[in-house]
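What follows is a set of notes on a single structure, which appears directly below.
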Amino acid sequence: MAKKILLLDGNSLAYRAFFALPLLTNEQGIHTNAVYGFTMMLQKILEEEQPTHMIVAFDAGKTTFRNEMFGEYKGGRQKTPPELSEQFPYLRKLIDAYRIKTYELPNYEADDIIGTLSLEAEKEGDEVIVISGDKDLTQLASASTTVYITRKGMTDIEKYTVDHIREKYNLAPLQIIDMKGLMGDASDNIPGVPGVGEKTALKLLAAHGSVEGVYEAIDQQKGKMKEKLVANEDLAYISKKLATIERSAPVEVSIEELSYPGPDHDELVKVWNELAFKSLLEKLDYTAEETTKKELEFEVLTELDASILEDEMAIHLEMYDEQYHTCDLLGVSLATADKTYVVPMETITQSQAFKEWFADDSKKKYMSDSKAATAAFYRYGLGVDGVDFDLMLGAYIVNPSLTYTDLANIVQEYGYTDVAQNEQIYGKGAKKAVPEAAILNEHMARKARTIWEVRPMVLKKLQENEQFDLYNKLELPLATILGEMESFGVKVDKEQLVEMGKDLSHKLEKIEFDIYGLAGERFNINSPKQLGVILFEKLGLPVQKKTKTGYSTAADVLEKLEGKHEVISYILMYRQLGKIRSTYIEGLLKEIHEDGKVHTRFQQALTTTGRLSSINPNLQNIPVRLEEGRKIRKAFVPSQPGWVMVAADYSQIELRVLADMSKDESLIEAFQNDMDIHTKTAMDVYGVGAEDVTPNMRRAAKAVNFGIVYGISDYGLSQNLNITRKEAAEFIDTYLKSFPGVKRYMDESIQMAKKNGFVTTIMNRRRYLPDINSSNFNLRSFAERTAMNTPIQGSAADIIKKAMIDMADALKRENMQTRMLLQVHDELIFEAPPNELEKLKTLVPQAMESAVTLNVPLKVDFAFGDTWYDTK
DNA sequence: ATGCTCACG
DNA sequence: ACGTACGTGAGCATC
């Protein structure tokens, strides 16, 4: 049978992948990008080529026979970055799991092993594919051998056949060696003829065929070129020799031994888990089927009485998708130390015993994403109390940088693999469906079991990290509160939105017409690509900034062009109004439920800083800055006639947190005296009195304050203020001299991250920053800014979460009808009956301001009105 | 599916 | 020299 042999250049591919991909890490902070790139490439090749035989060749050591020929060979090379060296053991493990042979030979490079084996295979008449990141290997191309060279991604591959090399360089494969002989190779420190590059080398070879040919006809050269060639004849020959792959190296494996049996799936899954290759694990269907799960016995109950329901139980509600406010509920599973049950939905809803148990505070429920379950049960009139454990929230507190979408993925972090991913049970896309009862029941049973089994591991981790209180006193009670807020929803005035939509459509139509007139043609204004062509090619406006796919047409770019062509301001207006119509009119209308309300979902285990996020719809980014957009807020109204909307927001909470954490005297003083912080900053930075701060000075100071919170960089500030980087750098310098405590805080945050690998908030929320010691400037800088920003943003998130719990308690304690509706990072939105308004005016600010005690006061602004728009 | 753009804090 | 402000979600165009 004809063989198909794959010969891989291990070192070269690892290097390529390392530099092509961003520095990923697994949870232990081990870098994985080279192994990942290699894996992606391998997966693709295996699928496309279906090889019968494979080998990965590695370089054996530092020196080879080439160094004896030319001492400086590969000299001047930077030593392998530690981030890459640490990956080689994992790469070996991975290749072993694929059951691919590896080979290395002292004194020889991987190239020579591949060259030797490919020659052997050619003699046998076998098909060969050589894979490398190094174009030197293309000299091996022949009628039966193709050389694949990876391009910038890892899965993007250029295939060098004899014909392709002819087309590309007008050379035969062996002439690649002559090309290197003439032009050299900087990366291998092959000298070549100084002054001869690719263009010249190709010209010479087109005329004379080889290095030898060039020198035989040396008299045809003249001037400088001749001088260079004559003076460096020796270098040319030695370079050619260095570039020649040895094809009769003493390789002691035979092609027969390279036969490829396919991967060891269990091993592969193990290695991928260790490397945290989530997307790969998810992609492969066989992860579920082929990893053997422990047997699980469970009982399906068609009747549910109190005898089953114990004092402590894991309970899981199975739902058809993430939209728990509307989706089908498929059943409930329960687990104790030694029993597992599955209960159909009808049985649950008909069981009085369950209803009582579920609402009983003394019966401990262990759940995962308890908010989803409680919000869904709420639709059936089932109220919950006694949620004692939430696996998803616990795991999120342990490490907020991971993704918490599927229970299977969460528990995988704790080495637990006995539960399938939802996608494997239901399928995805158009194929998604509820499977037969046996499969569904087992899936549900396994989830309850999982929660029970993994709970102690999560609790242990929380204790070790001293994060139990954060989890138990903050996130867990908050989940219930958020669930109630979501379930209650926010009333939206549909007619109001529809009217605004009509008005906008008229305006947009006019602007669209004007734009076509000014541009001289019709085009899709929403397409950055088409717009770019009109502005920068047809109208010849100066290009300010490019994106990787073309011209940037972002608002800041267009604003710089505003004086240059009349069409620009129309485009900006079109964008502004178009956004309002598509996202906030049409988008929002689609999200209104039958009760006339929107029911957002607050994602509580998503952000890396501890903030919430809001989806379907996102109610945390409703327009406010510009009046046209702000009008959208008129459609957010109380759910009962005569009631009012109430908004209470923290004033400068992040800078107050910074004052507290940095202990900066000037900052503390400013807040203790309730000064305008941006004016105060301007006073200190410019060294002037309050009366002498101009609006421009205040604006600049405000930008710096933002920058400080974000983890300042001169470039970022320069962009924001439209000044040069140098000016920005000086500005920052002056700021940090005026606020030495802030400077100290910045430095200490980075030191903390370098030393411990993570930073923390005031309530001991953690964020790991594995890139903080990276040799890659970008990654390291990003980690440093994150080290400065996360404690600030995260502590502010901690504080408002605490305020929400206190606020919910207060409303209950005071027996009030006022409902908390939304949280928008530093503000809380309520609806209230008018008779409770007076009380709220003191209650809300009081609760929010006393959520924590800092060394500066917290300040809350309170407002109310008939709609959200009017709370100003 | 991915990139660009833009809405919020 | 490197190339970015921190954290999000949604709609649209384009592949």
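Any value given below was found using the heavy atoms of this structure, including those in side chains, with hydrogens, waters and symmetry copies removed. On a predicted model such as this, the values are computed, not experimentally measured, just so you know. Letters A, B, ... are given to chains in the order of the sequence lines, protein chains preceding strands, and every chain is numbered from 1.
When heavy atoms are screened at a 4.0 angstrom cut-off, Asn621(A) is found touching base atoms of the nucleic acid. Residue-level contact check: Leu717(A) touches the bases, meaning some heavy atom is under 4.0 Å from a base atom. The residue Gly707(A) sits close to a base: some heavy atom pair falls under 4.0 Å. Within the 4.0 angstrom heavy-atom criterion, only backbone atoms of the sugar-phosphate kind lie near Ile622(A); the bases stay farther away. Nucleic acid contact for Asp826(A): sugar-phosphate only, since backbone atoms but no base atoms lie under 4.0 Å from a heavy atom of the residue. Contact annotation for Ala787(A): no contact, since no heavy-atom pair falls under 4.0 Å across all strands. Ala796(A) comes within 4.0 angstrom of no nucleic acid atom, judged by non-hydrogen atoms across all strands. Looking at heavy-atom distances under 4.0 Å, Gln530(A) makes contact with sugar-phosphate atoms alone, never a base. In this structure, Val824(A) reaches the sugar-phosphate backbone alone: every heavy-atom distance under 4.0 Å involves primed, P, OP1 or OP2 atoms, never a base. Contacts of Asp649(A) with the nucleic acid, taken as non-hydrogen atoms under 4.0 Å apart, are absent. Looking at heavy-atom distances under 4.0 Å, Thr790(A) makes no contact with the nucleic acid at all.
In the displayed structure, Glu322(A) atom CD is contacted under 6.0 Å by at most 12 heavy atoms of other residues, nucleotides or ligands. Atom NZ of Lys702(A) has 12 or fewer heavy atoms from other residues, nucleotides or ligands within 6.0 Å.
In this structure, the side chains of Met807(A) and Phe830(A) come closer than 4.5 Å at one or more pairs of heavy atoms.
Remark: the Arg625(A) side chain and the dG9(B) base include a donor-acceptor N/O pair separated by less than 3.5 Å. For dG11(C), its base never sits under 3.5 Å from the side chain of Arg581(A) at any donor and acceptor pair. Arg785(A) contributes a side-chain N or O that forms a donor-acceptor pair with the base of dT4(C) under 3.5 Å. Gln793(A) contributes a side-chain N or O that forms a donor-acceptor pair with the base of dC6(C) under 3.5 Å.
Taking side-chain N and O atoms only, Thr583(A) has no distance below 4.0 Å to OP1 or OP2 of dG9(C). Checking the phosphate oxygens (OP1, OP2) of dG3(B), a side-chain nitrogen or oxygen of Lys548(A) falls inside 4.0 Å. Distances shown here put a side-chain N or O of Ser613(A) below 4.0 Å from the OP1 or OP2 atom of dG9(C). Taking side-chain N and O atoms only, Thr608(A) has a distance below 4.0 Å to OP1 or OP2 of dT8(C). OP1 or OP2 of dC4(B) sits under 4.0 Å from a side-chain N or O of Thr547(A). An OP1 or OP2 oxygen of dA13(C) is reached within less than 4.0 angstrom by a side-chain nitrogen or oxygen of Asn524(A).
Relative ring orientation between His325(A) and His599(A) is described as tilted, the plane-to-plane angle lying within the 30° to 60° band.
Using the Watson-Crick or G-U wobble rule with both distances under 3.5 Å, dG11(C) pairs with dC4(B). For dA1(C), there is no paired base (Watson-Crick or G-U wobble, both distances below 3.5 Å).
Nucleotides dT5(B) and dC2(C), compared at atom P, are 23 Å apart to the nearest Å. Atom P of dC6(B) sits at a distance of 14 Å from the matching atom of dA5(C), rounded to the whole Å.
Look at Asp556(A) and Lys545(A) and you find a salt bridge, because one of the NZ, NE, NH1 or NH2 atoms lies within 4.0 Å of a carboxylate O, short of that distance.
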Run Phe739(A) and Tyr735(A) through ring-ring contact (aromatic ring centres under 6.0 Å, His included) and show every step you take. CA-CA 6 Å; Phe739(A) 297 89; Tyr735(A) 174 92; 4.6 Å; yes
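Place Ser713(A) and Arg767(A) on DNA chain C by their nearest nucleotides, and Ser713(A) ends up nearer the 5' end.
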